[in-house]
Structure formats: structure tokens, C-alpha cells
Amino acid sequence: MKNVGILISGRGSNFRALSDAVEDGRIPARITLVLSNRASAAGLELARERNYPTVCIPSKGVGRDAYSRLLASELKAARADLVCLAGFMRILGPELVKRYPLRILNIHPSLLPAFTGLHAQRQALEWGARVTGCTVHFVDEELDHGPIILQHPVPVEEGDTEESLSARILLHEHQIYPEALKLLCQDRVRVEGRRVRILPGGAQT
Ligand code: GRF
């Protein structure tokens, strides 16, 4: 059983999807911390309703390294084996990333390496991409850069707006993020350089 810490900043729909999968037994994990850098994050309210340990550490005006030290001590106290960034709007400092090698996951609303950073869905529309999607990847010291665990393509449709495209991508985010966490918790993920190999399920699934 892995202990998982989830970091959020807002709505928390990916956190909800992860939590649903943990609670109905699809993922052999315990959520031992839900941390937000914003007190107003709707996801925090959900975490309280579900009786998870919650912490809010406002990040405004706190430098990246100092903030990462605060995160590190909360994750340590929560005995987190894995960390899921779920719409967490702060970049982690290198010290923190090194402390959890190949143990921090992120979900990004594009097919990486295309459209990194903010407003990935808008970037895809403005670029005229025919296909975009979502990616679950390991976090390394560069933004939206670490080895890719799972991806799902989403076609861009005629007449799509940022909202309509984001909504269709989000449906797939809610599928692939729990799936990726499950694979990690089942110890079925091997990383060879940038390439991630998924071991077959067999008896563990
Ligand atoms: C998602 O689109 C995710 O891909 C991106 O931030 C958004 C978070 O949404 N990293 P939510 O808070 O999980 O609903």
C-alpha cells in the first residue's frame, strides 16, 4: 500500500478522480495528504468532506526554494511515497524533485512535448493542431518535461472553443491519471532513460 500526497490549487476534479479510484479499491493506495497553496481551492473542501488530512500553505510571496522546503516537510510528515500534482500551480524546486526521484506525477492537458506551460488547450487551438490530448508524466527539474507514463489523444473539432476542448480533454484526464497512479502503486512501471515500460498486469490486477 503506497501513501500518496496530492497537491492542488483549484477545482480539484483530478483529485476527485484519483480519490474515487482509491476509495473504490481500484488503486492500492492511501491518500495521506491533500495540500493546497490556495485557501479558496474547491478541491480542499472536497478533501475535508472525504476526511483526508488537509493542509493549506499559501504560496503568495514565498520564494520557490523556501516554498519547496515547506512542501517537503508536509510530505515527510504524511510519509508520502508518491506525490500527485493535480492542477498545482507552483513549480517545485530542484531539491524537492531530487528528494522524490520518479515519484512525483503530473497531469498536463496536451500531448507533451507539445504545448507546455499555461493554457495548453488554448495553445493547441491557436496553433491549429488537429489532435491534442493529455499526458501523465513524471516530474523532473524542467517544466512539463519528465518521462511520459500515459497519454490520450483528443481530436480538435471544427468550432471548438478553449472551453469545449478543455472539457473533452478533462474527461480523459480523469481516466488516465487514476490509471497511471494505479500502475505505479502496483509497481508495474519501469523507466529506461526517457522511456517508460509498463509491465503486464497478471496476478496483481
Ligand atoms: C487540469 O486541466 C490539469 O491537466 C492541469 O490543471 C487542470 C486542473 O484541473 N494541470 P482540476 O483542478 O484537476 O479540476
Side-chain angles (χ1 to χ4, degrees), residues 4-23 26-27 29 31 33-50 52 54-59 64 67 71 82-92 96-97 104-127 129 131-156 160-182 184:
V4 179
I6 301 183
L7 274 47
I8 61 171
S9 296
R11 184 175 55 179
S13 70
N14 278 287
F15 154 57
R16 180 190 292 271
L18 293 170
S19 162
D20 287 349
V22 167
E23 298 311 325
R26 273 177 286 152
I27 303 180
I31 296 174
L33 174 68
V34 179
L35 183 148
S36 173
N37 66 323
R38 290 187 192 145
S40 59
L44 261 188
E45 200 45 50
L46 175 68
R48 290 192 196 105
E49 279 166 24
R50 294 192 174 189
Y52 294 126
T54 58
V55 178
C56 177
I57 310 182
S59 56
R64 183 178 299 176
Y67 194 73
L71 291 180
L82 295 167
V83 180
C84 290
L85 308 185
F88 187 62
M89 300 304 284
R90 288 283 301 216
I91 294 174
L92 306 184
L96 179 55
V97 173
I104 309 177
L105 282 67
N106 184 40
I107 178 102
H108 184 76
S110 76
L111 292 178
L112 289 174
F115 313 125
T116 59
L118 291 175
H119 309 299
Q121 304 93 330
R122 190 193 303 168
Q123 292 184 55
L125 275 178
E126 286 175 355
W127 192 262
V131 180
T132 181
C134 47
T135 302
V136 180
H137 65 95
F138 287 110
V139 171
D140 67 7
E141 287 156 46
E142 288 177 54
L143 183 68
D144 300 330
H145 177 270
I148 290 168
I149 305 168
L150 292 178
Q151 293 187 301
H152 199 285
V154 175
V156 178
D160 251 337
T161 60
E162 187 178 353
E163 289 68 36
S164 63
L165 180 58
S166 300
R168 283 207 317 290
I169 294 173
L170 195 62
L171 295 175
H172 295 285
E173 295 184 31
H174 296 164
Q175 301 293 319
I176 67 169
Y177 211 178
E179 181 61 26
L181 181 61
K182 181 182 91 177
L184 261 289

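Read the numbers this way: they start at 1 and go in the same order the structure lists the ligands and their atoms. Numbers for residues simply follow the sequence, beginning at 1.
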>> Holding to salt bridge (charged side-chain N to carboxylate O under 4.0 Å, His left out), I want the full list of residues that pass it with D160, two or more places apart in sequence or in another chain.
In response: R168
> Of the options H174, H172, H108, which is the one that meets H152 in a ring pair (Phe, Tyr, Trp, His ring centres under 6.0 Å)?
Replying inline: H172
> Where the side chain of T135 meets the backbone of S110, is there a donor-acceptor pair that is under 3.5 Å apart?
Replying inline: yes
Provide, line by line, the atom pairs where ligand 1 and the protein bring an N/O atom each to a distance under 3.5 Å; else say none.
residue: ligand 1; atom: 2 (O); partner: E173; partner atom: OE1; Å: 3.3
residue: ligand 1; atom: 2 (O); partner: E173; partner atom: OE2; Å: 3.1
residue: ligand 1; atom: 4 (O); partner: E173; partner atom: OE1; Å: 2.8
residue: ligand 1; atom: 4 (O); partner: E173; partner atom: OE2; Å: 3.3
residue: ligand 1; atom: 9 (O); partner: R11; partner atom: NH2; Å: 3.0
residue: ligand 1; atom: 10 (N); partner: I107; partner atom: O; Å: 3.0
residue: ligand 1; atom: 12 (O); partner: G12; partner atom: N; Å: 2.8
residue: ligand 1; atom: 13 (O); partner: S13; partner atom: N; Å: 3.3
residue: ligand 1; atom: 13 (O); partner: N14; partner atom: N; Å: 2.8
residue: ligand 1; atom: 13 (O); partner: N14; partner atom: ND2; Å: 3.0
residue: ligand 1; atom: 14 (O); partner: R11; partner atom: NE; Å: 2.6
residue: ligand 1; atom: 14 (O); partner: R11; partner atom: NH2; Å: 3.1
residue: ligand 1; atom: 14 (O); partner: S13; partner atom: N; Å: 2.8
residue: ligand 1; atom: 14 (O); partner: S13; partner atom: OG; Å: 2.5

> Just one of L85, L82, L7 clears the side chain to side chain contact (heavy atoms under 4.5 Å, CB included) bar with I104, so which one?
Replying inline: L85
> Nearest 0.5 Å, what's the CD1-CD1 distance between I6 and I31?
Replying inline: 4.0 Å
> Within a strict 4.5 Å, meaning less than it, do heavy atoms of the E126 and Q123 side chains meet?
Replying inline: no
